[in-house]
2 protein chains.
Amino acid sequence: MVTTAGRAPQRGPRRASISDVAQEAGVSLGTVSNVLNRPDRVSPTTRAKVLAAIEHLSFVPNGSARQLRAGTITTVGAILLDIANPFFTEVARGIEDRLAQADHTLMLASSDEDPEREARYLRLFEEHGVLGMLVTPASTDLEPLLELSRRGVGVVLLDRTSPAEELSSVAVDDVAGAAMAVEHLLSLSHRRIAFINGPQSIAQCVDRRAGMVRALEAAGLDPDEAMVEITVSSLNAEGGEAGVTELLAAGTAPSALFCVNDLTALGAMRALRSHGLAIPEDMAVVGYDDVNFASMLMTPLTSVRQPTRQLGEVAADLLLKAAGPGMAAPQRIEFQPELVVRASSGGAR
Amino acid sequence: MVTTAGRAPQRGPRRASISDVAQEAGVSLGTVSNVLNRPDRVSPTTRAKVLAAIEHLSFVPNGSARQLRAGTITTVGAILLDIANPFFTEVARGIEDRLAQADHTLMLASSDEDPEREARYLRLFEEHGVLGMLVTPASTDLEPLLELSRRGVGVVLLDRTSPAEELSSVAVDDVAGAAMAVEHLLSLSHRRIAFINGPQSIAQCVDRRAGMVRALEAAGLDPDEAMVEITVSSLNAEGGEAGVTELLAAGTAPSALFCVNDLTALGAMRALRSHGLAIPEDMAVVGYDDVNFASMLMTPLTSVRQPTRQLGEVAADLLLKAAGPGMAAPQRIEFQPELVVRASSGGAR
DNA sequence: TGTCGTCGTTGAATCGGTTCACAGGCAGAA
DNA sequence: TTCTGCCTGTGAACCGATTCAACGACGACA
């Protein structure tokens, strides 16, 4: 590699600016800006000259400068728990669709369930001056989000109901969903059920646990006995494998397993199989999210379906409404989930 | 200042600026900036005062202004073909990891195989002044990317070898991968093989087709007869379902099916099953990408594995090197894929 | 006591757009 | 002919940060 002496090499021959265009076209600065933003205020002749100059210099306006002066904001940030999870990518699709319709654009980031990464992106997006953010919080402490909102940045909680009045949220009733899943297992005569759950810093984990407890208690069971909870650090296939390994190592495994999401269930099923256990004969399994491949697995997975794409769409709508003119008041929207019974729970006919 | 009636409501009480901080702390503008960027040049007393003011006003520097003036660029854009495809999310993970290590951040976008969307993001990212972009092109025309590169924006092709000397690229040998897949089917005595492929505007589709043709010819077969090609518009499960429907409607279906990627294979298998065909007995199936759930499907999927995460990591490295000081020359990196044989092809023992 | 260097701080210039009050030209009305 | 109003086009002010030449204070040294 050849290093140039002394200075860093300049990156290309400096981007053309609006005044370069003005000079090339023989008009003033403001006229070029008018061509760009209010073409009807410029005569066709001048407009043509300016456009030619723009083409010739391959001029691209500097977004920073524009945003600095005009405050034009068309960027929205989204911080999701795990971008590798089909559930969240589907949500992202919904968001992107709606934003594109409104001529806005999305900056997408994955916190990987790490509050520190989340904080980093929160700050980055704020510095970037986004219109607002859609966040699936990785921590229970919503104070940073509340403060953001007070500072005038639109915030919508995603897949998480807001405990505070001041934040909009779009979510699915996770307590009900988990309760449905566990009731299903109870109806198949399982009396001790393992639960592979994530850290309690994640709202979904708290809610789904609550749903499970509610279902067990409603059936007259003592959760302390009927629920064998295993906490894993990440809500993906690796987590599921680790969870099953731990479960089996502890001996006297229950006859059924409820997993906090489908990816976890995927890993869990893989681990169960590699230990020679049959699904659902030796262990019934239920997941959560109903990701697109759930029905196609070796043993099709019983799971809780959510209106995934819609979740994203509604969240985007809410943000645009809340941040646009009129400043709609915070709104809390909750969808109901639906149980999809397949072979993995042994409940399919 | 009092807001005039009739205007749009102002978004919050205006973000605090550096001069607000300066005033609050009783120091000058430049000093605040020094506290932010070169803390050692400021006396501890002053620094403390300024930090207190920052805290008090919850000041967050305006990224646009900073970037405008300083040209500090730490943002990288990535435009992937389909963010819902686990292959690409894994690549994104690799990219993000490396960028985070270098204290850079990623703006992620999905072109959904649509050249127009791609162009839109290309422009958006350029306006935003990104350091560079990682792109999986949705069209064969690389001219826009070349021009971008000439203008000083770093460009690295992802999962696509560069035909031009001037662009860096990181890819996997798709011709070889597809050839391996087809050779495998040939070795199992299949003589007519269906191929569900995507549009020829996508390089991967062209290359994988070429690999298939190469393998067929090497076996002394005439591709026109031995290959039953079906072109679908999107490389996902829906595409796979549509492809199989079309294939079966045409009658005299081949005994084997090669799919351009695993998502397509997923949809194809779903459709085959719903038509009452057994896999691999009635139809052997091979996919491409070896996504994480391939081994866990009802019939585990034979597929071509690629060093996915590494792909992203190396691409990010290349970009950082090419855009950083030193301006490394364009580099072309190609990995070799690997065939993973499972039950869906009937070739597993 | 005068000079010099160092340290900490200042404030003006600057980045590249947008906006707006205003100027010049021209047509139609009085 | 003069006035009015419309249509184009102009250029200075401004957004909020960074940078740098310059400056005052202070201690060291001759």
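By convention in this document, chain letters (A, B, ...) are assigned in the order of the sequence lines, proteins followed by strands, and residues within each chain are numbered from 1. Source: prediction; values computed, not measured.
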Across the strands shown, which category fits V32(B) at heavy-atom distances under 4.0 angstrom: base, sugar-phosphate, nothing? nothing

Nucleotide dC7(C), atom P - distance to CG of D40(B) in whole Å: 11 Å

To the nearest angstrom, how far is L36(B) atom CG from dG16(D) atom C1'? 12 Å

Rounded to whole Å, please give me the gap between CZ in R38(A) and P in dG17(C). 16 Å

Given 3.5 Å as the limit, does a donor-acceptor pair link the side chain of D114(B) with the main chain of E116(B), or not? yes

With the sugar-phosphate defined as primed atoms, P, OP1 and OP2, and the base as all remaining atoms, what B/S/- string results for nucleotides 10-15 of chain D, 5' to 3', for protein heavy atoms under 4.0 Å? BB-BBB

Counting N and O atoms only, with roles assigned by atom type, does the side chain of D20(B) sit under 3.5 Å from a partner on the main chain of S17(B), one being a donor and the other an acceptor? yes

Test your reading of the model: is there a side-chain donor-acceptor pair from R160(A) to the backbone of S169(A), 3.5 Å cut-off? no

d(CD, Q23(B); P, dT10(C)) in whole Å: 13 Å

Quick check against the 3.5 Å criterion: does R151(A) have a side-chain atom that pairs as donor or acceptor with the backbone of A16(B)? no

Whole angstrom is fine here: how far is it from CZ in R41(B) over to P in dT19(D)? 11 Å

Salt bridge or not for K49(A) and E24(A), using N-O below 4.0 Å? no

Thinking salt bridges, do R150(B) and E143(B) make one under a 4.0 Å N-O criterion? yes

Closer than 4.0 Å, any side-chain N/O of S43(A) to the OP1 or OP2 of dC7(D)? no

Please give the angle, rounded to 10 degrees, between the axes at the start and the end of the helix from dT1(C)-dA30(D) to dA30(C)-dT1(D), where five pairs define each axis. 60°

Which residues satisfy the ring-ring contact (aromatic ring centres under 6.0 Å, His included) test with H128(B), sequence neighbours excluded? H128(A)

Base, sugar-phosphate or nothing for R47(A)? Non-hydrogen atoms, less than 4.0 Å. nothing

Starting at atom CD1 of I18(A), determine the distance to atom P of dT19(C), rounded to an integer number of angstrom. 11 Å

Scan S33(B) against the nucleic acid and name what it touches under 4.0 Å (heavy atoms): base, sugar-phosphate only, or nothing. base

Length of the line joining I73(A):CD1 and dT18(C):P, which is rounded to integer Å: 15 Å

What's the CD1-P distance between I54(A) and dG17(C), to the nearest Å? 10 Å

Between D112(B) and S110(B), a side-chain donor and acceptor under 3.5 Å: yes

Main-chain N/O of D317(A) paired with R98(A) side-chain donor or acceptor, under 3.5 Å: no

